[in-house]
Each structure stands twice: as structure tokens, then as C-alpha cells.
Amino acid sequence: MEIDPLPNGSGSNAATSPETAATTTAITVTSNTAPSSKLSHLTESLKLEHQFLRVPFEHFKKTIRTNHRTVEKEVSAVISSVTDVADSDEISKDDAILSLTSLVSRLQGIKRKLEEGSHAENLQAHRCRARLDHLDSADAENLSEWNNVRLKRVLVDYMSRMSYYDSAMKLAESSNIQELVDIDVFQEAKKVIDGLRNQEVGPALAWCADNKSRLKKSKSKFEFQLRLQEFVELVRAENYMRAISYARRYLSPWGATHLKEFQRVMITLAVRSHTECAKYKVLFEPKQWDFLVDQFKQEFCRLYGMTLEPLLLIYLQVGLSALKTPYCYEDDCTKEDPLSQDSFRKLAMPLPYSKQHHSKLVCYITKELMDTENPPQVLPNGYVYSTKALKEMAEKNNGKITCPRTGLVCSYSDLVKAYIS
């Protein structure tokens, strides 16, 4: 399902109890001896995993609701058939046997559906459990490895949204993270999107029927928009009597809440598809189908608690906004700055500059801040690294320091402490 980036994308305001529970569990199992910075990093990382838990949980609930409706419908039909046979006073032996045989066959069908539904529910429950276990495994000591898995999950999310399903599947399989990604959920949405792009509302209406209660609860008008488009297509085909009948059946129930839109589309019966009036001409333009595609994407993401934008794009924007300064767009910007690349500059263009009251020095080796507690040290070649990193290097190499960028070897005693005024 190709989901284009939308402005101001955000997930729905959903319950966060699964996320809170997983976060609390993961923090509890973290070693008390771990550095406070790593613990803080871990805590902040887990706060971003709401979608990771919400999507399979919503899929699980949807499977349960679908199975419940199917079984309820079948059981009601069986009970009705039994009641009809029992109330019949004049039924022959052959008819009774035939009716019982039909009921047995129907009950066997219900049993098969129950087994299939139970299997689907178990798979969804297992996926939810796998994700809770994955969050539970997060620890300050394996944070780097855990973040690497998260990066792969984010890449699979991006490829699934952009319709690169084969690539997404191969990455998930090679990394053994099939239960941690939602490729099947996006494939479900792809059927609806493909139908809308082929100017068919059938798959989208079927999706609305499957999620009717939830769409109604969120006051969605997506089904109404689909009905309007189907009415417009009947007018375009000059099938006016059928269009009137369609409006009476499917559009009139929406009249109380969407009267203006209902009246506007009904006027197309008079102005016809060849009208030059801009207010009504736009209803017959192909871009209306693109609007429905965008509307579906928003409803789909809201239903599953997803962000409207791909997670990869969100994380990149967050990182770039933290790095972005006016200096990044100057010609002498260092090549080590990601914003020295045109692609990153283009992505960061609409983002705000990071607010920095004071300059900060970050160690090239440890990526930690250099301050009074961890002062910078200058090598004979002029490169600067943190005291912590150089001490650790000297302890492992009999007092020798090797510059990671130039390869210069010197003694720890050759270092000069730098002062920042």
C-alpha cells in the first residue's frame, strides 16, 4: 500500500495501556548498574513504540469481531431452520431426514469456520505476545542490537507503505522479524487502494462494512464519500433513473448530517456531466478518485493507530531538526554533517532550526558530550577527543593512543588538555 507522506501526520488518540505495560516491564528488567544515560535512552526509545503494539492489537480485535459475526449469523440460521422444522405439523419422514442432513452439513461448516477463526485468532495473539516479549528484551546492555532491529522494522514499514512488498518480505525474513512487522496489514489496504485507482468502489465499501461500528464511532464520512462518487458515476453514464433510486436507498440516510453535500450532488442530475459550472464540474473530474485514495489512507491509519507518514520519514525529520543550523547550508559545511548532502538538505528545508544557546562538543569516538566532567584532549596532530575515550584507549594499548581519523600513534603523556572559554 503506497501511503504518500501527508502534512502534520500523527496517529490516532488511542488507549496506551499495552504500551505503558510493556514500557514498565522493559524498564523493570533493566540492570540497576547500567549507566543512567543508557537507561534514559532506553526509556525514551520505548515511548516511541505505541504503533508497534497498537497495530497487531487492533488486527487481533478485528479478527475476533469478524469471527463472532460470522458464527452468530450461521448459528442464527441453523436455529431458525430447526424451529421451522419443529413447528411443521405435516412433514414427511423423507423431508425430515433431508432437513436433518442439511443441518448436519451446515453445523460441520460452522465447525470448520470456528476452527479457522480460532487459528487466525491464535496467530494474532501470538504476534501480540511476540512484540511484548521483544519490548521486554530491551536492556541497556543490548541497546545497540535492539535499535538495529528497530531500524529494520522501520525500513520494512517504509517499504510496505511504498508497495515494495517483495523487498519488505525479504528483509523481514532475512532478519527473522516477521512477527515484528505488519506487511499483511498493508497488503489488506492495497486491495482497496488498487480498486479505487481502477475507479471501483466495491472493495472500499466492503472494507467499510467490515469496520462499520468503528468508523461510525469515529464519525467517519468515508462511506458517504464513496456513495457520492458512485452516484456521480451513474449520472456520468446518463443512467438517471438508477441514480435516483440509488440516492433514495444509499444517500438519503446521510441527509440529516450531510445535507449540503447531498443537495450539491443531487443537482448534477440537472446540470449533467458536461456542465461548465466549476462548482459541479469538479465532481466529475478524475482527481476525485485520488481524493478517495487519500481519504482511505487516513481512515486506515486512524483505524490501526498508525502514523500517517512513514516512521522512517518521521525519525529522519526528528534527527535532522536536531542537527539543523544555519551553518549547515553554507558552502564550507563539514562533510561529516549529514546536512552537507543535498538529499538531506531538501528533506530538512521545511523543518525548524535546532535551538542551541551554547556550543557543544561531542566526542568523535564515544559520541558523548565533552564538558568539565569529560574534558577534551588535543592530540599532536590537532584532533580533539574526550578524556574518557582516550583513557580507555590508552589502558588497552599500554599507554598508546591511535588517532581513528589519521592513524597517528602517540603516548597519552603527549596529549594537551583543551579549555573552552
Side-chain angles (χ1 to χ4, degrees), residues 1-14 16 19 23 37-38 40-55 143-144 146-164 167-168 171 181-182 186 290-291 293-295 297-302 304-364 366-371:
M1 180 186 75
E2 184 178 351
I3 297 186
D4 305 319
L6 297 174
N8 300 323
S10 61
S12 62
N13 297 326
T16 57
E19 173 203 5
T23 304
S37 60
K38 287 188 175 182
S40 177
H41 190 183
L42 175 60
T43 303
E44 295 302 317
S45 296
L46 292 175
K47 287 180 181 179
L48 302 174
E49 299 300 336
H50 176 253
Q51 175 175 318
F52 178 62
L53 286 176
R54 177 75 186 276
V55 174
L143 188 58
S144 177
W146 194 85
N147 281 333
N148 185 42
V149 173
R150 182 169 65 174
L151 175 60
K152 293 177 180 178
R153 290 196 282 111
V154 170
L155 291 174
V156 171
D157 171 83
Y158 179 81
M159 289 187 283
S160 299
R161 289 175 186 254
M162 297 296 112
S163 299
Y164 303 134
S167 299
L171 177 58
V181 293
D182 305 297
F186 288 108
D290 297 331
F291 169 76
V293 171
D294 291 337
Q295 185 76 6
K297 291 174 183 178
Q298 295 182 49
E299 295 294 344
F300 181 82
C301 291
R302 186 179 295 114
Y304 281 102
M306 296 180 181
T307 57
L308 295 181
E309 293 183 346
L311 291 174
L312 179 63
L313 182 58
I314 293 174
Y315 289 159
L316 279 174
Q317 289 177 331
V318 170
L320 291 174
S321 64
L323 296 173
K324 183 180 177 181
T325 63
Y327 173 73
C328 297
Y329 290 89
E330 296 182 3
D331 295 335
D332 58 345
C333 176
T334 174
K335 293 184 179 180
E336 294 178 355
D337 189 337
L339 284 163
S340 64
Q341 301 182 30
D342 292 337
S343 56
F344 283 132
R345 285 182 176 182
K346 183 178 179 180
L347 185 60
M349 189 65 70
L351 302 176
Y353 290 108
S354 60
K355 186 177 181 180
Q356 298 182 4
H357 294 290
H358 305 285
S359 298
K360 296 181 180 179
L361 293 178
V362 178
C363 179
Y364 177 85
T366 63
K367 309 303 179 185
E368 295 181 5
L369 190 66
M370 292 188 284
D371 51 21

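Panel note: side chain S354, backbone L323; no donor-acceptor pair is recorded below 3.5 Å.
M162 approaches P310 most closely through the heavy-atom pair CE-CG, 4.3 Å. When all heavy atoms of L311 and V154 are compared, the pair lying nearest together is C-CG1, 3.9 Å. Across all non-hydrogen atoms, the minimal contact from R150 to E49 is CD-OE2, 3.0 Å. Taking all atoms of both residues into account, the shortest heavy-atom contact from M159 to S167 is SD-CB, 3.7 Å. Heavy atoms only, all atoms of each residue included: Q317 and L351 are closest at O-CD1, 3.4 Å. Pairing each heavy atom of P338 with each of F344, the nearest pair is O-CD1, 3.2 Å.
With sequence neighbours excluded, the residues forming a side-chain contact (heavy atoms from CB on, under 4.5 Å) with T366 are C363, E368, S386, A389, listed by chain and number. Residues passing the side-chain contact (heavy atoms from CB on, under 4.5 Å) test with C328, sequence neighbours excluded: T325, D337, L339. Partners of D371 by side-chain contact (heavy atoms from CB on, under 4.5 Å), not counting sequence neighbours, listed by chain and number: L369, E373, N374.
Inter-residue side-chain proximity for L312 and L155 is flagged as met; some heavy-atom pair is nearer than 4.5 Å. Q51 is listed as a side-chain neighbour of D157, based on a closest heavy-atom distance under 4.5 Å. The side-chain heavy atoms of M306 and V55, taken from C-beta on, include a pair separated by under 4.5 Å.
For K346, the NZ atom sits in a loose shell: 12 or fewer heavy atoms of surrounding residues, nucleotides or ligands are nearer than 6.0 Å. For Y158, the OH atom is loosely surrounded, since the number of other residues' heavy atoms within 6.0 Å does not exceed 12.
In this structure, OG1 on T307 lies 4.0 Å from CD1 on I314, to the nearest 0.5 angstrom. Separating the CZ atom in F300 from the CZ atom in F186 is a distance of 6.5 Å, to the nearest 0.5 Å. Here L313 contributes atom CG and L308 contributes atom CG; the two are 11.5 Å apart, rounded to the nearest 0.5 Å.
Below 30°, between 30° and 60°, or above 60°: for Y353 and Y329 the angle between ring planes is above 60°, a perpendicular geometry.
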